[in-house]
Amino acid sequence: MKIYFDHNATTPVRAEVKELITQMLGEVGNAASIHGYGRAAQHYVEQARRSLAATLDVDANQVIFNSGATEGNNTVIKYFAQKTDGRGRILVSSIEHPSVIHCGVNVETIPVSSAGVVDLNQFEAMMGAGDAPLLVSVMLVNNETGVIQPVAEIAKIAKKYGSLVHCDAVQAYGRMAVTRHDLGVDYMTLSAHKIGGLQGVGALIIAPRVEVPILLHGGGQERRQRAGTSNVMGIAGFGRAAQLAVENLGHMGQLALWRDQIEGELKSCASVSVVGDGADRVGNTSLIAVEGQESDVLMMRFDLEGVAVSTGSACSSGSSQKSHVLHAMGLDDSRVPQGFVRISLGHTTTPDEVAQFIKIAQKILAKK
Ligand code: PMP
């Protein structure tokens, strides 16, 4: 039995999305063309925009489709940096995805606690030290630990200083209730492939009456807010996946139970601890620290058993560099060497997979 427990890296495409896209493969049309074929393509795009908007409680015109969250994050951060020739302050949490923290502009990083939660006191102190920041960017759920960040509180503090707020909600959307309004943020980034849609498509959500950051210039697509031929199949699939993910949010409770079961079993058989234990976490993610082991070796041993897990950050994988998230949490220089395994469950996870995974993990992690 092969087991895919790496849903934070990417998720299997949902059956309903596959069905829709298979049908669309037989059709033609550029959504910007004004003939019938083009209008039919544009119809798919607008339907998806309405679906996505409904799940987030925003108006359809607040949704801008793009190529994914890397683009969404780059769009917002770079736009505000360039607008002020790099002079405006941009504050981001120290555990952001590389597409926020390393997108080529100067940012100031907000520290997190050892449980991986943004430190609100230090954040407020940074806000008050110097000019009011132009932009604050904090993710809702960290991709490596699953730890939920106090974004609504952060937005409230930022607003006192007149700063704009951006939230990378990629790992939260479809895994917990998310609305732009409840978070109080101005910009929100989403990605289709984390919720059962296709890779290479995402959306930037914009609050009413705020400046629209633009990265790509050219054609007039997306109401002149994001140039480039619309990825009609990707967008249509995203709309369908969004609807299904949000309708099935209740399933996250089941995933959380399985995740807790896995953590309980592993803690009893090996010298393991759960990173971010004690903080609020999204239900599908577990980052396990294993004493005396190396992350890459652990990941490969799981792979040899047909189990896909991650060493933490699949986004920067290929390199065995230490994770900046663990570094920010002060976990990478522990006196006892430890390896990290990220387990992330999702919409295809079954009880049989959970039981089989526990057996395999017990074998791999057993105390020597
Ligand atoms: N932000 C977070 C938190 C992510 O987990 C990812 C994907 N690993 C991204 C941004 C980038 O998303 P995309 O793959 O759509 O570019």
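Note that ligands are numbered from 1 as they come in the structure, with each ligand's atoms numbered from 1 the same way.
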In a table with atom names and distances, give each donor-acceptor pair under 3.5 Å that connects a side chain of residues 18-26 to protein atoms at least two apart or in another chain.
from	atom 1	to	atom 2	distance (Å)
T22	OG1	K18	O	2.5
Q23	NE2	E27	OE2	3.1
Q23	NE2	Y44	OH	3.0

Problem - Distance-only N or O hit between ligand 1 and K194, under 3.5 Å - result: yes
Problem - ring-ring contact (aromatic ring centres under 6.0 Å, His included): pairs with one or both residues in residues 178-232, sequence neighbours excluded - result: F80-Y187
Practice task
Enumerate the atoms of ligand 1 whose separation from the nearest heavy atom of D168 is less than 4.0 angstrom.
Solution key: 1 (N), 2 (C), 3 (C), 10 (C)
Practice task
Please determine if Q171 has a nitrogen or oxygen closer than 3.5 Å to a nitrogen or oxygen of ligand 1.
Solution key: yes
Practice task
Step through the shown structure and confirm whether more than 12 heavy atoms of other residues, nucleotides or ligands are within 6.0 Å of CD on E294.
Solution key: no
Completion exercise
Numbered in order shown, the ligand 1 atoms found under 4.0 Å of a heavy atom of S191 are 13 (P), 15 (O)
Exercise for the section: Flag yes if more than 12 heavy atoms outside Y37 fall under 6.0 Å of its OH atom; otherwise flag no. Expected result: no
Problem - Nitrogen or oxygen atoms of G68 and ligand 1 under 3.5 Å apart - result: no
Fill in the blank from the handout: ligand 1 to M139, heavy atom cutoff 4.0 Å, flagged ligand atoms 3 (C)
Exercise for the section: Can you sort out which atoms of ligand 1 are near H193, meaning under 4.0 Å from one of its heavy atoms? Expected result: 13 (P), 14 (O), 15 (O)
Problem - Donor-acceptor side-chain pairing of T55 and Y173 below 3.5 angstrom - result: yes
Handout entry: Ring centres under 6.0 angstrom apart (F302, F357)
Key = yes
Problem - ligand 1 N/O within reach of S99 N/O, cut-off under 3.5 Å - result: no
Exercise for the section: Please determine if N8 has a nitrogen or oxygen closer than 3.5 Å to a nitrogen or oxygen of ligand 1. Expected result: no
